[in-house]
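One-based numbering, in listed order, for ligands and for the atoms of each. Hydrogens, waters and symmetry mates are skipped; everything else that's a heavy atom, side chains included, is used.
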Amino acid sequence: MEPAVIDVTIERTEYAAITFDDGLVCTFGVSELRAACPCATCRGWRERGEIAWPRAGQSDVISIRDAEFAGAWGMSISWSDGHDTGIYAWAALRRWWQAGRNEPLTEEA
Ligand SMILES: [Zn+2]
């Protein structure tokens, strides 16, 4: 069984920290989370070898405007630049964290 999320702490301009019930705490900076947005649009850009964020002319200053649980399996984040289509699955965030965040984040739980 996948470890369950027991706490999510969001510091809008800085980070999101996710605590799992086995004690693992994964802390992601807002910029790396925004850049790794797993939505279909951002994935498409990455698949074409482009950077999903910041796009040309976009500010690289970002913050979390709002975050909402997406059922029991993740959260959707609304960003200060208006982007809000990414759903960040807990299991995917955990795998990403444990893999050293070298590979793109996926949306699969
Ligand atoms: Zn996206």
Short side-chain to backbone donor-acceptor contact, Asp21 and Ala4, under 3.5 Å: yes
Polar side-chain atom of Trp90 near backbone of Ala72 as donor-acceptor pair, under 3.5 Å: yes
Spatial distance of atom CZ (Phe28) from atom CD1 (Ile77) [nearest 0.5 Å]: 10.0 Å
Ser78 side chain to Asp66 backbone, donor-acceptor under 3.5 Å: no
Residues Arg55, Asp81: salt bridge by 4.0 Å N-O rule: no
Under-2.8 Å neighbours of the Zn ion (ligand 1), protein N/O/S atoms only: 4
Neighbour count >12 (heavy atoms, 6.0 Å) for atom CD1, Ile51: no
